[in-house]
Engineer: 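Mind having a look at this structure? Questions to follow.
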Number of protein chains: 2
Amino acid sequence: MLIESQPFLAHIPPGLREVAKCRNMEAGETLFRIGAPVRNLFCVVSGEVQLLRHDPRGTRIILQRSRGGFFAEASAGSKAYHCDAIVNEASLLLCFPLEAFRVALEKDAPFRSVWMELLAKEVRKLRAQCERLSLHGAADRVIHYIESEGTGGAITLSQSRKSWASELGLSHEALYRTLKQLGAQGVLHLDGHRIFLAGKKRESSNVCFTPASCRSNSDV
Amino acid sequence: MLIESQPFLAHIPPGLREVAKCRNMEAGETLFRIGAPVRNLFCVVSGEVQLLRHDPRGTRIILQRSRGGFFAEASAGSKAYHCDAIVNEASLLLCFPLEAFRVALEKDAPFRSVWMELLAKEVRKLRAQCERLSLHGAADRVIHYIESEGTGGAITLSQSRKSWASELGLSHEALYRTLKQLGAQGVLHLDGHRIFLAGKKRESSNVCFTPASCRSNSDV
DNA sequence: CGTACTTTTGAATCGCATCAAATCTGGTGG
DNA sequence: CCACCAGATTTGATGCGATTCAAAAGTACG
C-alpha cells in the first residue's frame with residue numbers, strides 16, 4: 001500500500017527498510033525546528049508537512065509544502081536544520097535514520113542510481129513548474145501544465161480541480177472559468193478527469209515545423 | 001575562471017575532465033531536438049539555454065531557462081530527449097560524454113557525493129522558488145526571497161534588479177515600486193546591492209516565539 | 001561623446017483575487 | 001432509502017494590483 005503511493009519505496013534495500021520507522025502525526029505537531037540536529041530523512045506517505053521560517057513580523061515563510069515524497073533532502077548534507085517542519089494535516093511519515101540512508105546509498109549501487117534518478121526527475125519537474133508559475137495568464141499556465149506534465153497533449157488529472165488550481169498558483173474560480181473558456185474556444189476538450197489539447201495528436205508532430213537554425217548541431 | 005562561476009566543477013575528477021569538451025554557441029543555435037539520443041550532459045558556463053516544447057499553435061512552452069549550471073540532468077536517465085534545447089544568447093557550454101559521467105559517478109565516491117549534494121540543493125532552491133512564485137503580492141515575494149535565499153534577513157544581490165524581477169516573476173517596474181514602497185514603510189533597508197529586512201538581526205531570534213504544539217517531538 | 005542598458009516614475013488597462021451564493025457531489029448515519 | 005453534511009464545482013459582481021505602454025534620467029563602457 002505504501003509502495004503504491006511511492007514507487008521509489010520498492011527500491012529501498014532491506015537493511016534500510018528494517019531501520020525505517022513509521023510515524024503518525026496530527027495537524028499542528030512539530031517534526032523538527034531550526035537548529036535541531038539532522039538525524040532522519042523523512043518521506044510523506046499521506047497528509048501534508050510544511051517547511052517554514054518566520055519573517056520579522058511573524059509571518060510564515062513557506063519554503064516547501066510536501067504532500068507525498070521526500071522533503072528536506074538537502075538537509076541530509078547539513079548538521080542542523082535551517083527551517084521548521086510543521087505537520088499541516090494528519091499525516092503518515094516514514095523516518096529513515098540518516099546514517100543508515102547514507103550507508104545504503106554508498107553500498108547499494110542500484111538503490112543509489114534510483115535515488116539519483118529520483119532527484120533528477122524532481123529537478124526537472126520543479127523547473128518546469130517554476131517556468132509555469134512565471135506565466136501571467138491563467139490559460140497559459142493550464143496549457144503549459146498539459147504540455148509539460150501530460151503526454152502527447154493530453155493529461156489525466158489525479159487530483160481535484162481545486163487542488164490543481166493551487167498547484168497552478170491560481171484561485172479555483174479562475175481555473176474553472178479558464179477551463180470553461182478554453183473549452184468553448186475549442187482550445188481543449190474536457191472529459192472528466194481527462195483533458196485534451198485540441199489539434200494535438202502525437203507528441204512528435206511538430207518537431208519538423210520548427211524554424212531555421214536547425215544546422216547539423218542536433219547531436220553533439 | 002570557469003571554476004569560479006561553478007564551484008562544482010572543481011570536483012570533477014581528471015578522467016572526466018579530460019574528455020569534457022568546450023563549446024561556444026551563438027544565439028539561435030540548436031543544441032539538441034526532441035527524440036535525439038542523449039549522449040552528453042551539458043553545463044552552462046555563460047549565456048542562456050532554453051529547454052522547450054511547442055504547443056499545438058506553435059507557442060513555445062519553456063520548460064527551463066538555464067543561465068549557469070547543469071540542465072536536463074533528468075535526461076541522463078533516458079534514451080532520447082523529451083524537449084528541444086535552443087541557445088538563447090551567445091553561450092559557453094561544457095559537454096560531458098554521458099557514459100564517462102556515469103562511470104565517474106560510479107567509481108569516484110567523493111565526486112558522487114558532491115553531485116548528489118548539488119542535486120539536493122537544487123531541489124531545495126527550486127521548491128522555495130515555487131512557493132515564492134505562488135505568492136500573489138510583489139512585496140510577499142520580495143520578503144520571501146530575502147528570507148529564503150538570504151542569510152539572517154539580509155541579502156546581497158548578485159544580479160541586476162531587472163533580472164531579479166524576472167526571477168521573482170514580476171515586471172521590473174513592479175519590483176522597483178515595491179522596493180521603494182517597502183523602504184518607505186521601513187520594512188526593509190536598501191543599500192545598493194545589499195538589502196536588509198528591518199528588525200531582523202539573527203537568524204535564530206524568533207525560534208522560541210513559535211506557538212504551542214512544541215512538544216518533545218523536536219527531534220525524532 | 002555616444003550607445004546600450006538599467007533604473008525610475010507616470011498613467012491606463014486588464015486579469016485575477018476576493019467575496020458571495022447556489023448547485024452538485026460523495027459519503028455517513030439514521 | 002433518505003436526510004444530511006462537508007467538500008468540490010460553478011457563476012456573478014467588485015476591487016485591487018500588477019502588467020503594459022511611455023518616457024525620462026542615470027550609469028557603464030568603448
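Keep in mind it's a predicted model, so treat the numbers as computed, not measured. Each chain gets a letter, A, B and so on, in the order the sequences are listed, and its residues count up from 1.
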Engineer: Any side-chain N or O of K180(A) under 4.0 Å from OP1/OP2 of dT10(D)?
Structural biologist: no
Engineer: Need to verify one output field. Residue with the more 5' nearest nucleotide on DNA chain C, G137(A) or Q159(B)?
Structural biologist: Q159(B)
Engineer: Taking NZ from K162(B) and P from dG26(D), how many angstroms apart are they, rounded to a whole number?
Structural biologist: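 The answer, rounded to whole Å, is 18 Å.
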Engineer: Of all the nucleotides listed (dT7(C), dT19(D), dC16(C)), which has the minimum atom distance to the side chain of S171(B)?
Structural biologist: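 Nearest nucleotide to the side chain: dT19(D).
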Engineer: Hey, is the side chain of R177(A) pairing donor to acceptor with the base of dT18(C) inside 3.5 Å?
Structural biologist: yes
Engineer: Is there a donor-acceptor pair under 3.5 Å between the side chain of R141(A) and the backbone N or O of G169(A)?
Structural biologist: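 Side chain of R141(A) to backbone of G169(A), a donor-acceptor pair under 3.5 Å: yes, one is there.
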Engineer: Is the backbone N or O of L157(A) less than 3.5 Å from a side-chain atom of H193(A), with the two atoms forming a donor-acceptor pair by type?
Structural biologist: yes
Engineer: What is the separation between atom CG on L179(B) and atom P on dT9(C), rounded to the nearest whole Å?
Structural biologist: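 Rounded to whole Å, this separation is 11 Å.
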Engineer: Using the side-chain contact (heavy atoms from CB on, under 4.5 Å) rule, take W115(A) and E73(A) through it: C-alpha gap first, then chi angles, then the decisive distance, then the call.
Structural biologist: CA-CA 11 Å; W115(A) 176 251; E73(A) 300 97 328; 4.1 Å; yes
Engineer: With the side chain of R161(B) defined as its heavy atoms from C-beta on, choose the nearest nucleotide among dA17(C), dT8(C), dT9(D).
Structural biologist: dT8(C)
Engineer: Figure out the CH2/C1' separation between W164(A) and dT9(D), and round it to whole Å.
Structural biologist: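 To the nearest whole Å, that distance equals 14 Å.
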Engineer: Starting at atom NE2 of H193(A), determine the distance to atom P of dT9(D), rounded to an integer number of angstrom.
Structural biologist: 7 Å
Engineer: What's the CD-C1' distance between Q181(A) and dC16(C), to the nearest Å?
Structural biologist: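 Distance, rounded to whole Å: 12 Å.
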Engineer: Does Y176(A) or H136(A) map to a spot on DNA chain D nearer the 5' end, using the closest nucleotide for each?
Structural biologist: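 It is Y176(A) whose nearest nucleotide is closer to the 5' end.
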Engineer: As a test of reading the structure: which of dA17(C), dT7(C), dT19(D) is closest to the side chain of L170(A), going by heavy atoms?
Structural biologist: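 For the L170(A) side chain, the nearest candidate turns out to be dA17(C).
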Engineer: Do any N or O atoms from the side chain of S163(B) and from the backbone of Q159(B) form a donor-acceptor pair under 3.5 angstrom?
Structural biologist: no
Engineer: Of T178(B) and E173(B), whose closest DNA chain D nucleotide lies nearer the 5' terminus?
Structural biologist: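 That would be T178(B).
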Engineer: Could you tell me the separation between the NE2 atom of H172(A) and the P atom of dA20(C), rounded to a whole number of Å?
Structural biologist: 13 Å
Engineer: To the nearest Å, give me how far apart CG (D140(A)) and P (dG15(C)) are.
Structural biologist: 12 Å
Engineer: Between dT18(C) atom C1' and L175(A) atom CG, what is the distance in whole Å?
Structural biologist: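 Interatomic distance, CG of L175(A) to C1' of dT18(C): 16 Å.
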Engineer: Between S148(A) and R53(B), does any side-chain donor sit less than 3.5 Å from a side-chain acceptor?
Structural biologist: no
